[in-house]
Protein chains: 2
Amino acid sequence: MAWSGNKEDGEGKSRRGYHHGNLREALIAAALDLIGSKGPAGFTFAEAARSAGVSAAAPYRHFRDRDDLLSDVARQGFERFEQFLANAWNEGRPDPRTAVNYLGKAYLAFARTEPAYYSAMFEANISLDDHPELRKAGDRAFEIVRKAAEELSATLPSRPPSLMLALHIWSFAHGIASLFARGDSGRRNLPMSPEDLLEAAMLVYLEGLGSSSK
Amino acid sequence: MAWSGNKEDGEGKSRRGYHHGNLREALIAAALDLIGSKGPAGFTFAEAARSAGVSAAAPYRHFRDRDDLLSDVARQGFERFEQFLANAWNEGRPDPRTAVNYLGKAYLAFARTEPAYYSAMFEANISLDDHPELRKAGDRAFEIVRKAAEELSATLPSRPPSLMLALHIWSFAHGIASLFARGDSGRRNLPMSPEDLLEAAMLVYLEGLGSSSK
DNA sequence: ATGCCATGTGAAGGGCCTTTACATCAAAGC
DNA sequence: GCTTTGATGTAAAGGCCCTTCACATGGCAT
């Protein structure tokens, strides 16, 4: 008794029907909830265990330590992020320039609609050396931007280095997201939406690269 | 015994020569050290107290709680930041465009050379509502950028809105600083320096605003 | 000299992270 | 079917942290 009711009695045995059934995923889900409601610092291993209805020691059967769980949340976040960005880019349709704008907006949208993931990904200060999977997941997400930059560069007369272009786009979106696009309770407010701020910046920036304005 | 030797016996009585003398500042200094070596999350109130040679309860005579001390570090950080940025801007000398470049470089330099302050300012997640002084200090620092943007705008044919310009500069510098200009042990590495990345971005951006290139 | 208030102490309650020895349950092999 | 075995969970304990409270102390004003 006291399992959260996800035993799925009649169907999938939810992995390998054990004591809990699928504690690992339950813990990740609990962590996501807690991070979302109280920030990445407010989340505690013990409380995640309580949410899942197990003792405080149980999580150690599935994660090396608290950071290991956090890094798994972050990794999952980067995977979703990658999908999200890829959808927005949509292989450069209708045209690279417009698609890159969508990409930037998606970055901001992700930060706003998935604050828990975003926190784990960028604000939890997880060592990338101790969690190589996390680094790889982040790299894969960046690859979407990288590819977009490549195709956009190809449409520009000046043919700017695509890596530089990608880093500029990522940095700009990240800066605006970090500063202004968090629900962060007590953050600063703008005279314009983060999306408009980013779009304006991209417009000016691409103009500077010699885009034919539209 | 066991005070860190700053009694200044012969001179200023260091404020109001009390038990410790100036515990408040000693705690801030200790916090800065600890944040610098172990990140803002690694810093603990208790250890700061030990560093200062007092009991764990003593800090509560000077700070409401742990966050209150952190917010004071952050506030002090913003004040230094403001000075640092103002020096770099140097009232627009030799010319606004060059001075803005210095400003951006200063942003990155601060993030790199004062990681403890930077952490407290931007990564400690201190509620701005609970610490209005902190918000004000941040606003004052931003004002430097705001003023620089105003003067730079005046030199540009297109006369872009200076607030937008300031937000763009701040966001860009912040994004690059957050992603790449931290000693953060295990962070990502670039094919170019953060400074070069920022300078290139500013170059393109200003070109886009119709600057006469140089 | 006296009393007040700011400053510091020690102890205590409560919480968290993590480890260790122990229990239990599922599956696999005999 | 029964036993073995390894994965999974528990209870308890150590260590550290945050915060509060009652109490001590020492400067300063009167």
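Below, chains carry the letters A, B, ... as their sequence lines are ordered, and counting in each starts from 1. The basis for the numbers below is simple: all heavy atoms, side chains too, and nothing from hydrogens, waters or symmetry mates.
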- prompt: Parallel, tilted or perpendicular: which describes the rings of B:Y107 and B:H174, with under 30° parallel and over 60° perpendicular?
  reply: perpendicular
message: If we ignore hydrogens and angles and just use 3.5 Å, is the side chain of A:H168 paired with the main-chain N or O of B:L198 as donor and acceptor?
response: no
Out of C:dC17, C:dG8, D:dT10, whichever nucleotide has its closest atom nearest the side chain of A:Y60: C:dC17
- request: Write down the distance between CZ (B:F63) and P (D:dT19), rounded to a whole number of angstrom.
  value: 13 Å
- request: Would you mind reading off the distance between B:L34 atom CG and D:dC17 atom P, rounded to a whole angstrom?
  value: 10 Å
- request: Taking only the side-chain nitrogens and oxygens of B:T44, find out if one of them lies under 4.0 Å from OP1 or OP2 of D:dC17.
  value: yes
- prompt: Does the B:N90 side chain pair with the main chain of B:R93, one donor and one acceptor, at a distance under 3.5 Å?
  reply: no
task: Using a cut-off of strictly less than 4.0 Å between a heavy atom of the residue and any atom of DNA chain D, enumerate the qualifying residues of residues 67-76 of chain B by number.
output: none
message: Once you measure the plane-to-plane angle for A:W170 and A:F81, does it fall in the parallel (<30°), tilted (30-60°) or perpendicular (>60°) bin?
response: perpendicular
task: Give a yes or no on whether the backbone of A:A149 and the side-chain of A:S153 come within a donor-acceptor separation of less than 3.5 Å.
output: no
- prompt: Quick one: which of D:dA12, C:dC16, D:dC17 gets closest to the side chain of A:A46?
  reply: C:dC16
- prompt: Rounding to a whole Å, what distance do you find between B:H62:NE2 and C:dC5:C1'?
  reply: 13 Å
Polar side chain donor-acceptor pair, B:Y118 to B:E123, under 3.5 angstrom: no
statement: Which of D:dT19, C:dC16, D:dG9 is nearest the side chain of A:L23? It is D:dG9
message: Under 4.0 Å from OP1 or OP2 of D:dT20: is there any side-chain N or O of B:R64 that close?
response: no
- prompt: What is the distance, rounded to the nearest whole Å, between atom CG of A:N22 and atom P of D:dA7?
  reply: 18 Å
- prompt: Between A:K38 (NZ) and C:dG15 (P), how many Å, whole number?
  reply: 12 Å
query: Within this structure, what is the CZ-to-C1' distance between B:F45 and D:dC18, rounded to whole angstrom?
result: 9 Å
Integer-rounded Å distance: C:dT7 P and B:L27 CG: 12 Å
- line: Per atom distances to the A:A58 side chain, the nearest of D:dG9, D:dA11, C:dT18 is D:dG9
task: Nearest-nucleotide wise, let me know which of A:R61 and A:E47 is further upstream toward the 5' end of DNA chain C.
output: A:E47
message: Using the side-chain heavy atoms of B:A56, tell me which of these nucleotides is nearest: D:dA11, C:dC17, D:dT19.
response: D:dT19
Residues that A:R61 engages under side-chain contact (heavy atoms from CB on, under 4.5 Å), provided they are two or more places apart: none
- line: note: B:R66, atom CZ; D:dC18, atom P; distance rounded to Å ~ 6 Å
- prompt: Which is true for B:R24 with a 4.0 Å heavy-atom rule: it touches a base, it touches only sugar-phosphate, or it touches nothing?
  reply: nothing
